[in-house]
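Every number for a ligand or one of its atoms is a count from 1 in the order of the listing.
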Amino acid sequence: MALNKQPYRGTRDFFPKDKRVRDYLFAVMTKTSESFGYESYDGPLLEEVELYRAKSGEELINEQIYSFTDRGERFVAIRPEMTPTLARMVAQIHRESSKPLRWFSIPNLMRYEKPQRGRVREHWQLNCDVFGSPGRLGEVEILQVAVELFEAYGANESHFEILLNDRSIVDVVFKILMKSTETQTYRLYKIVDKAKKITHEALQKMVSEVGLSLEAENIFYAYLRLDNFEAVKAFLETNNQIEIAAQFNIFIDFAKKTNITKYLKYDPTIVRGLDYYTGIVFEIFDKHPDNRRALCGGGAYANLLQIFNEDALAGVGFGLGDVTLRDFLEVHKLLPNFDIPVNDILLTFQEEGGLDATLKLAQILRQNNLKVITSFEALKFKKVFPTAEKKGVRFVTLMGSDELLKNEIQIKNLANKEQQTLNLNDIESILKLIKA
Ligand code: HAM
């Protein structure tokens with residue numbers, strides 16, 4: 001039986017053209033992260049399942065994780081997200097490290113999901129996280145990194161928005177104002193997380209099954225109607241939650257000092273599916289009607305290090321996936337064209353004897369940081385320019401019997417069509433021409 005040529009369901013082969021796109025996405029991610037002083041890190045592809053069981057949430061564990069028992073009877077998983085690995089690594093070194101720690105990584109992650117637009121089984125995800133930042137500055141900076149990243153791709157407020165909430169507010173509403181038990185609170189979080197994807201009737205039915213008092217239900221629906229920061233503040237103050245309102249205000253005031261406020265929108269249904277978040281939670285949404293989905297998700301988590309019996313160390317960060325990002329850039333026509341590779345020069349010869357001189361010149365040009373392609377055999381004149389075009393070079397050289405005799409080459413600039421004949425020993429002039 002012939003083997004299947006297609007990749008495993010929900011994973012992708014990256015042919016050179018797609019790989020060029022991915023390299024571009026990653027280069028901008030790296031540049032932006034480093035411009036804020038974030039340091040690159042990485043971890044293993046496999047982790048013990050227990051690491052995710054602790055705080056990643058039941059959906060990830062029950063439905064999405066790729067797990068197996070290894071030859072040594074350890075129950076392991078392919079990483080479905082990076083945050084637990086990051087927390088495990090930070091737990092090893094945080095005591096002797098100066099804070100804040102600013103780290104980034106672009107790991108590939110696997111989740112068993114139904115493949116569809118924007119959802120695959122293996123994706124790459126930029127993770128930027130800060131640990132140990134004072135007050136609410138880390139939260140604001142993390143949002144700034146995300147915003148500047150999108151802006152670096154050419155996007156602005158007509159393309160995306162940041163929907164934001166604060167879990168400490170949600171906790172106050174559920175636990176203090178509505179007097180919900182732990183179980184009820186947990187169920188309410190799951191309901192709110194789904195609120196936008198279901199009908200109002202379905203929502204009402206789910207809420208009625210939680211077993212809340214009428215008063216608590218009314219508070220719940222009033223909470224769901226909050227749609228801007230002023231309304232949240234007023235709601236908390238009216239309900240005597242002055243301290244939490246003031247805390248949130250500090251965050252908003254910091255945010256106002258940066259370029260992120262024009263993107264920020266309060267959304268009571270953003271609570272995020274992962275269990276470790278404790279502070280702000282946010283999702284960056286595409287505004288395009290054909291692509292209304294989360295491009296990026298993140299938030300603050302105060303207690304994740306405690307699963308390693310370490311003291312709490314506040315962390316905040318986000319994950320931004322390559323698949324949703326590419327869809328976003330394509331739908332807004334922000335993705336540069338990567339159909340053709342980018343090279344500097346194609347060296348060709350039209351007589352068999354030209355190979356030696358070509359290989360020698362190629363070596364010198366490469367030593368001078370140029371991207372050089374050589375033809376392996378004599379190339380007919382009529383094939384030279386079509387080949388040069390496919391290889392995406394800026395210059396092409398020709399060497400016929402005349403040039404061979406005189407130790408010369410013809411160099412053609414493909415942009416302005418100018419052609420010069422230069423001596424092969426005159427490397428200085430050749431380099432000057434190509435690097436001009
Ligand atoms: P997440 O919301 O699960 O968060 O994923 C973040 C982003 O990764 C999503 O917004 C989406 O762009 C992308 N993504 C997730 N799953 C898939 C998939 N199956 N196919 C394609 N793209 C996907 C986290 O993973 C958190 N650990 C992020 C974080 C970092 N929080 C704090 N620091």
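Those atoms of ligand 1 that come under 4.0 Å of a heavy atom in Thr83, given as number and element, are 26 (C), 27 (N), 29 (C), 30 (C), 31 (N), 32 (C), 33 (N). Residue-ligand proximity, Tyr276 to ligand 1, at heavy-atom distances under 4.0 Å covers atoms 26 (C), 27 (N). Residue Leu295 approaches ligand 1 through these ligand atoms, each under 4.0 Å from one of its heavy atoms: 10 (O), 12 (O). Applying the 4.0 Å criterion to heavy atoms of Leu274 picks out, from ligand 1, the atoms 4 (O), 24 (C), 26 (C). If you number the atoms of ligand 1 from 1 as listed, the ones under 4.0 Å from a heavy atom of Gly118 come out as 20 (N), 21 (C), 22 (N). Atom numbering of ligand 1 starts at 1 in the shown order; those under 4.0 Å from a heavy atom of Gly319 are 6 (C), 7 (C), 28 (C), 29 (C), 30 (C). Atoms of ligand 1 lying under 4.0 Å from at least one heavy atom of Glu81, given by number and element, are 25 (O), 26 (C), 27 (N).
Residue contacts with ligand 1 for Tyr112 are absent, since no atom lies close enough (heavy atoms, distance under 4.0 Å). Counting heavy atoms under 4.0 Å from ligand 1, residue His123 touches it through the side chain alone. Residue-level proximity to ligand 1 for Cys128 is absent, since no heavy atom of it falls below 4.0 angstrom.
Taking distance alone, with nitrogen or oxygen atoms compared against 3.5 Å, Glu283 stays at or beyond that limit from ligand 1. Annotation: Asn127 places no N or O atom under 3.5 Å from an N or O atom of ligand 1; distance criterion only. Not a single N or O atom of Leu320, backbone or side chain, sits closer than 3.5 Å to an N or O atom of ligand 1.
Regarding atom 8 (O) of ligand 1, its nearest protein heavy-atom neighbour is Gln125 NE2, 2.9 Å. Residue, atom and distance of the protein heavy atom nearest to atom 10 (O) of ligand 1 are Cys296 N, 3.3 Å. Protein heavy atom nearest atom 20 (N) of ligand 1, with residue, atom name and distance: Val120 N, 3.0 Å. Of all protein heavy atoms, the one lying nearest to atom 19 (N) of ligand 1 is Glu113 OE2, 2.5 Å. Of the protein's non-hydrogen atoms, the one nearest atom 18 (C) of ligand 1 is Arg119 NH1, 3.3 Å. The protein non-hydrogen atom at the shortest distance from atom 25 (O) of ligand 1 is Arg111 NH2, 2.9 Å. Looking at atom 4 (O) of ligand 1, its nearest protein heavy atom turns out to be Arg272 NH2, 2.9 Å. Nearest to atom 12 (O) of ligand 1 among the protein's heavy atoms is Thr324 OG1, 2.8 Å.
The side-chain contact (heavy atoms from CB on, under 4.5 Å) test with Ile270 singles out one residue from Ile280, Leu163, Val192, Ile162, and that residue is Leu163. For the pairing with Leu164, the side-chain contact (heavy atoms from CB on, under 4.5 Å) check across Ile260, Leu143, Ile284 returns one residue only, Leu143.
Using a 4.0 Å cut-off between charged nitrogen and carboxylate oxygen, Glu141 and Arg102 count as a salt-bridge pair. In summary, Arg53 and Glu47 do not engage in a salt bridge, as defined by a charged side-chain N under 4.0 Å from a carboxylate O.
Ring-centre distance between Phe36 and Phe104: not below the 6.0 Å cut-off. A distance of 6.0 Å or more separates the ring centres of His288 and His159. Here the two rings, on Phe160 and Tyr263, have centers that are under 6.0 Å apart.
Remark: the Tyr186 side chain and the Glu58 side chain contain an N/O donor-acceptor pair separated by less than 3.5 Å.
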- Query: Do Asn127 and Gln125 pass the side-chain hydrogen bond (donor to acceptor under 3.5 Å, both in side chains) test, and can you show the C-alpha distance, the side-chain angles, and the key distance before you say yes or no?
  - Reply: CA-CA 6 Å; Asn127 277 251; Gln125 194 188 83; 2.9 Å; yes
- Task: Go through the steps for Asn165 and Tyr277 under the test side-chain hydrogen bond (donor to acceptor under 3.5 Å, both in side chains), then give the verdict.
- Result: CA-CA 11 Å; Asn165 197 358; Tyr277 295 113; over 6 Å; no
- Please step through side-chain hydrogen bond (donor to acceptor under 3.5 Å, both in side chains) for the pair Tyr301 and Asp129, ending with a clear verdict. CA-CA 10 Å; Tyr301 43 94; Asp129 291 85; 2.6 Å; yes
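A cation-pi geometry, defined here as NZ or CZ lying under 6.0 Å from the six-membered ring centre and within 45° of its normal, does not hold between Lys287 and Phe328.
Gly118 approaches Asp327 most closely through the heavy-atom pair N-OD2, 3.6 Å.
Remark: among candidates Phe318, Tyr301, Tyr277, the nearest residue to atom 31 (N) of ligand 1 is Tyr277, based on non-hydrogen atoms.
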